[in-house]
Amino acid sequence: MVEWVEALLKLQELDVSAAKLEARLAAIPVQEAETRKMYQAETDACAAAKKSVQEVELTIRKLEGEINTLKGQKENFQSKTSLIKNNDEYRAALLQIEQCDRAISVDEDKQIIAMDELETAKKILAEKDAKLKEAQKHAEGMFADLEAEKADCKKKLETLAAKRPELATAVEPAILKRYDRLRTARNNNPTKPCFVSVDDGCCGRCHLSVTSQEANDTLKGKVVLCNSCGALLYSTK
Ligand SMILES: [Zn+2]
C-alpha cells in the first residue's frame with residue numbers, strides 16, 4: 001500500500017471515531033428529554049390519582065355534613081311532636097320525620113358507594129405512587145449514566161483532537177486539503193469513511209463501478225475520486 005494511503009487511513013480512522021463520539025454527544029440531550037418526559041408523565045398520573053382520592057373524600061365529607069343536618073332536623077321534629085295537640089299537625093310532623101329518614105337513607109347509600117370509590121381510588125393512587133418511585137429511580141440512574149457517558153465522550157474527543165495534528169502532518173498537504181473538503185462537505189456523513197477502497201471494481205462508498213482507468217490509477221497510488229459519489233479512492237493492492 002502506498003505511503004500516503006496508509007497515513008490518510010490512520011487520520012480517517014481518528015476522524016470517524018471523533019464523528020461517532022460527536023454524534024453520540026448530540027443524541028444524549030434527546031435521551032435526557034425523553035427520560036424527563038417519561039418521569040413527568042408518571043408525576044402527572046400520580047397527581048391525577050391523588051386528586052381523585054381528594055374528590056371522593058370531599059364527597060364523603062359533604063354527605064356526612066348533609067346526614068348530620070338531616071339528623072338534626074329529624075330530632076327537632078321529634079321533639080316538637082310531643083308538644084303537638086292537633087292531629088293534622090301531628091301527621092304533618094310525622095311525614096317530615098319520614099322525609100328526613102328517607103333523605104338520610106339516600107345519603108347513606110351514596111356514602112357506601114363513595115366509600116367503595118374511595119377504596120378503589122386509594123388503590124390506584126398506591127399503584128401510581130409506586131410507579132412514580134420506580135420512574136424516579138430509573139430517571140436518576142439514567143441521568144447519572146448519561147452524565148458519565150457525556151464526560152467520557154468529551155474526554156475521548158479531547159484525546160483525539162490532541163492526536164489529530166500529528167496524523168494530519170503525515171499526509172501530503174494537497175491530499176489532506178482534498179480529504180478535509182470531502183469530509184466536511186454538507187452531504188457527507190462524517191461517521192462513515194469518505195476515503196474508501198475500490199473493491200471488485202466498485203467504489204467502497206456508493207458501490208457503483210469505477211472505470212478501469214480509475215481502478216488502474218488507484219493501483220498506481222494516484223489520487224482518484226469516484227465519478228459517482230466523489231469519494232476519495234485507494235487500492236488495497
Ligand atoms: Zn462512489
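Here the structure is a predicted model, which means the values were calculated and not measured. Note that ligands are numbered from 1 as they come in the structure, with each ligand's atoms numbered from 1 the same way.
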Item to check | N, O or S atoms of the protein lying under 2.8 Å from the Zn ion (ligand 1) | outcome: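 Only C203 SG, C206 SG, C226 SG, C229 SG fall inside 2.8 Å of the Zn ion (ligand 1).
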
Checklist entry - For residues D107 and Q111, is any side-chain donor paired with an opposing acceptor at under 3.5 Å? => result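 No pair is found: no donor N or O on one side chain lies under 3.5 Å from an acceptor on the other.
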
Checklist entry - Can you find a side-chain donor-acceptor pair between N68 and E64 that sits under 3.5 Å? => result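 Looking only at side-chain atoms, E64 and N68 do not form any donor-acceptor pair under 3.5 Å.
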
Next on the checklist: Considering only residues two or more places apart or on different chains, which pairs with a residue in residues 189-213 satisfy salt bridge (Lys or Arg N to Asp or Glu O under 4.0 Å)?
Outcome noted: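 Qualifying pairs: none.
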
Hey, is the main chain of [Y] close enough, under 3.5 Å, to the side chain of [X] for a donor-acceptor pair?
X: S52; Y: A48; answer: yes
X: W4; Y: G221; answer: yes
X: Q12; Y: F195; answer: yes

